[in-house]
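Because the structure is predicted, anything quoted here is derived from the model rather than measured. One is the number of the first residue; the rest follow in order along the sequence.
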Amino acid sequence: MSSPRIINLDDGWNNEIKVKAIDRLEDILNQDLKKEGSMFSPKEYVQTYTTCYNMCTQKSPYNWSEQLYQRHGETISRYLSDTVLPSLRDQHDEFLLRELTRRWGNHQIMNKWMQKFFMYLDRYYVKHHSLPSLLDAGLKHFKSLIFDEVKRDVANAMLDLINQERDGAIIDRGLVKSCVQLFEAMGMGCLDAYTLDFEEQLLASTQEYYARKSAEWIEGDGTPAYMVKAEAALETERERVTAYLNSASEGKLLGVVETEILEKREMALLEKEGSGCRVLLANDKHDDLARMYRLFGKKSEWLQPIADIVRRHIEHMGGEIINRREARVEGETKETNQDPDFVKELLALHDKYIKVVNEQFAGNALFQKALKEAFVDFVNRDVGKFTNADLMSSFCDRILKTGGEKLSDEDVESFLEKTVQLFSYLVDKDLFSEIYKNQLAKRLLNQRSASDDHERLMISKLKARCGSQFTGKMEGMLNDLAIGVDHQQEFEPHYKEKLEESGAAGPHVDFGVQVLTTGYWPTYPAFDVHLPPEMTKCTTLFKDYYDERNNKRRLAWMWGLGNATVKGNWGKKKYDLQVTTLQAITILAFNNPGAADEQFSFEQLKERLNLPEEHLKRVLHSLSCGKYKVIEKSPKSNTIKVTDLFVAAPKFQSKMLKIRIPMANLDESHNPKRVEEDRSVAIEAAVVRIMKARKQLSHQQLLAEVLSQLAFFKPNPKVIKRRIEALIDREYLERDPDVPNTYKYLA
């Protein structure tokens, strides 16, 4: 058997591989015949591959693997240096890009076929000698001989096209994308070439472009128009990345654009005269505000200046409402705690800007904080005699009682919810609580509450904001009334039975009692009045009944809280007088059929009724100086003096048969002294609670912790210091003898 024919290097290379494969491949590429189907038939390819295989598998010294690997690289390098590079040196701008992409495409075809012809080298020689694969070697030759020579000019040409597109021109995006792909390929598996040779120049060019554009826009456009252009520019750049840039560039590119058109121009935009942020807020430009948030919302430090402007604007709007109230107060002869217009203005302002914060600023925490700080600023700015807490509580009283605001159930619930939101900005929440409890008590005791459901709804809203401790007494008041209905149903048959047993003569009195728990209700003045016999009998019957069932409880009668209906006869007309208990006993003092014109002096009435002077004056004023004068006084005047004389009105007349005679309140809307006492207790409790847990604290640390724990009011540090001194006197705390300004807890 004959041995295989030995193929010499030059013979195999020159007569087989170069002539039949390489020269023909170069001719095809130079003629731009890139369709692979027109290059080599399978038979032709196999013939060249077999020649290479045979030359690489011959025994040494005729194994030409090393020489073929070398000549593979030399062939590609020669073609690139002699043919490709000269064709590129004559081109510029877009023509350079087109020629480069054509030559790059040709190189990929050439590299692929060369790898196919010499495939056996890749399988064994390259692996055994840890050399670059044939494809990688071909890419490296292109990079070193072509790419490194033209990359600067190519990048500039690409940037020129991109800037043309930014200015509105239509460019060949496919061409730019092909060049981008070339830069990516030159990284040999990473993006180093793309990043260093193109992306850095792209970012620098973009920065320069938008620095120039933003200067033009800020000079010629208002804030809304500028933001429209900025938003469009960002969207265009985002779409540009998708169309032909590497996705890794998106964040960097948008970052450069945002820095130039947003960050560097932010304050100029926000404060631009006639169209800045304050103007947009004042003119309710919601779309522009939402666009502003979308643009600047990417970083909290960009939003902070906007939030500051929003806060100052809301403070300004709130200040105008406060100024209008101040003007009304100065123009009024008698100030009252009723100013529904003021509260409604505050509610409308809050409605407006909570909506802006939630919708235009997406409920961002910075803007919620700005809204809160603004409202805390002016909601706690009191004008005149009555605090804003008093006005807000009185507004609630107005919509919850009968005869107040005429509102649907939905409107009442809406106003209550909004008022509680406004209440949350009050610093002195305990003051609101004290006033609200007093007004709630009056509504409940005088049967002036329009709806028990609405009362409970309001209390539940306050409870949700401040906890059960805040509303416990209010809930107790409602529970007292609910239990009172059952008590009254049990007492009525007992009352009638006792009246029948006693065979009492005289008119029958319908009598009802409401039992109140002392801790829940406000503190009312207690005095022992002299009742008419009819009333005395009623109260005695109830006391006996109650003591029999509750022998461990003590009853105290609050005459200033009761009410009565007194039937009065003037000639042929009969009237039902709806009055308080104190008014009723005063009217009955004049009830002497035998001497209807009997006069009483002030002192006589005071002695007969056993009423304090100030209270008696208010009662007599309501009966003799009001709209319905059922008692006449002399001399006639609008004030009550201790020297006045009083007599039952002999000729009283009214078109109404049922008459309600109002009387001035016997107490203030709240007791300031009680509020201060409650605050002192709360401060001391907080101090003891903190010191019991911490054992030892400096004065400043204790002060800070006490302030953080007191949610319903903000005490003056001097007051806290006084309470600490009181606790030291009562031996709850002591001063540390070794450490100045430090306290120790005494168990």
Side-chain angles (χ1 to χ4, degrees), residues 9-10 13-14 16-36 38-40 45 48 52 65-119 121-122 125-126 131-158 175-190 192-194 196-198:
L9 176 62
D10 290 336
W13 179 263
N14 293 325
E16 292 291 331
I17 298 173
K18 188 174 185 304
V19 173
K20 294 180 179 178
I22 294 173
D23 290 347
R24 184 177 168 193
L25 177 61
E26 290 181 3
D27 287 341
I28 292 171
L29 293 177
N30 290 334
Q31 294 171 22
D32 284 339
L33 298 175
K34 296 178 183 176
K35 290 184 180 179
E36 296 185 32
S38 66
M39 290 188 175
F40 299 95
Y45 157 68
T48 304
C52 291
S65 296
E66 180 181 355
Q67 289 80 357
L68 288 179
Y69 184 83
Q70 210 167 17
R71 293 194 180 191
H72 167 274
E74 290 170 354
T75 300
I76 293 176
S77 297
R78 179 185 51 75
Y79 179 76
L80 292 174
S81 299
D82 296 347
T83 305
V84 176
L85 189 58
S87 71
L88 293 173
R89 281 179 175 154
D90 298 334
Q91 305 296 338
H92 301 283
D93 301 327
E94 187 175 345
F95 300 103
L96 171 62
L97 301 185
R98 293 193 182 281
E99 184 64 20
L100 177 63
T101 53
R102 184 176 79 84
R103 291 297 181 175
W104 166 241
N106 286 353
H107 177 74
Q108 287 176 298
I109 294 169
M110 181 179 190
N111 207 22
K112 179 179 152 189
W113 278 107
M114 291 291 284
Q115 189 266 344
K116 283 185 175 184
F117 295 146
F118 296 90
M119 188 181 297
L121 288 173
D122 256 351
Y125 179 76
V126 167
L131 296 169
S133 69
L134 297 178
L135 285 177
D136 287 347
L139 286 176
K140 285 182 178 179
H141 291 310
F142 188 90
K143 183 177 187 303
S144 61
L145 295 171
I146 304 300
F147 179 76
D148 288 346
E149 290 291 323
V150 300
K151 62 185 179 183
R152 184 183 297 277
D153 292 337
V154 170
N156 289 336
M158 291 168 68
L175 176 62
V176 180
K177 185 170 185 176
S178 296
C179 293
V180 167
Q181 289 170 344
L182 170 59
F183 277 88
E184 292 170 344
M186 291 300 99
M188 308 292 177
C190 67
D192 288 352
Y194 173 82
L196 297 173
D197 299 324
F198 173 69

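- Under the 3.5 Å distance criterion, the side-chain polar atoms of D136 are left unmatched by any main-chain donor or acceptor of P132.
- Applying the side-chain contact (heavy atoms from CB on, under 4.5 Å) criterion to Q108, with sequence neighbours excluded, gives W104.
- Taking the charged nitrogens against the carboxylate oxygens, E99 and R102 do have a contact shorter than 4.0 Å, which makes a salt bridge.
- None of T75, T83, D82 except one satisfies the side-chain contact (heavy atoms from CB on, under 4.5 Å) rule with Y79; the exception is T83.
- With hydrogens and angles disregarded, no donor-acceptor distance shorter than 3.5 Å links the side chain of S81 to the backbone of R78.
- Rounding to the nearest 0.5 angstrom, the gap separating the OG atom in S144 from the CE atom in M186 is 10.0 Å.
- When all heavy atoms of E149 and L85 are compared, the pair lying nearest together is CB-CD1, 4.1 Å.
- Among all heavy-atom pairs drawn from C179 and M158, the shortest one is CB-SD, 3.5 Å.
- Using cut-offs of 30° and 60° on the angle between ring planes, the pair H72 and Y69 is parallel.
- L175 has its side chain within reach of E94: a pair of non-hydrogen atoms, C-beta onward, lies under 4.5 Å apart.
- For the atom pair CG (L80) and NE2 (H107), the distance works out to 5.5 Å, reported to the nearest 0.5 Å.
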key: Candidate pair I146 and R103, rule side-chain contact (heavy atoms from CB on, under 4.5 Å), full reasoning   = CA-CA 10 Å; I146 304 300; R103 291 297 181 175; over 6 Å; no
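- Atoms NZ and OG, on K140 and S133 in that order, are 8.5 Å from each other to the nearest 0.5 Å.
- Side chains of L182 and L100 form a contact here, defined as non-hydrogen atoms less than 4.5 Å apart.
- Annotation: side-chain contact (heavy atoms from CB on, under 4.5 Å) contacts of D197 (sequence neighbours excluded): F147, K151, F183, A193.
- Residues meeting the salt bridge (charged side-chain N to carboxylate O under 4.0 Å, His left out) test with E184, sequence neighbours left out: none.
- Under the 3.5 Å distance criterion, the side-chain polar atoms of N111 are matched with a main-chain donor or acceptor of L135.
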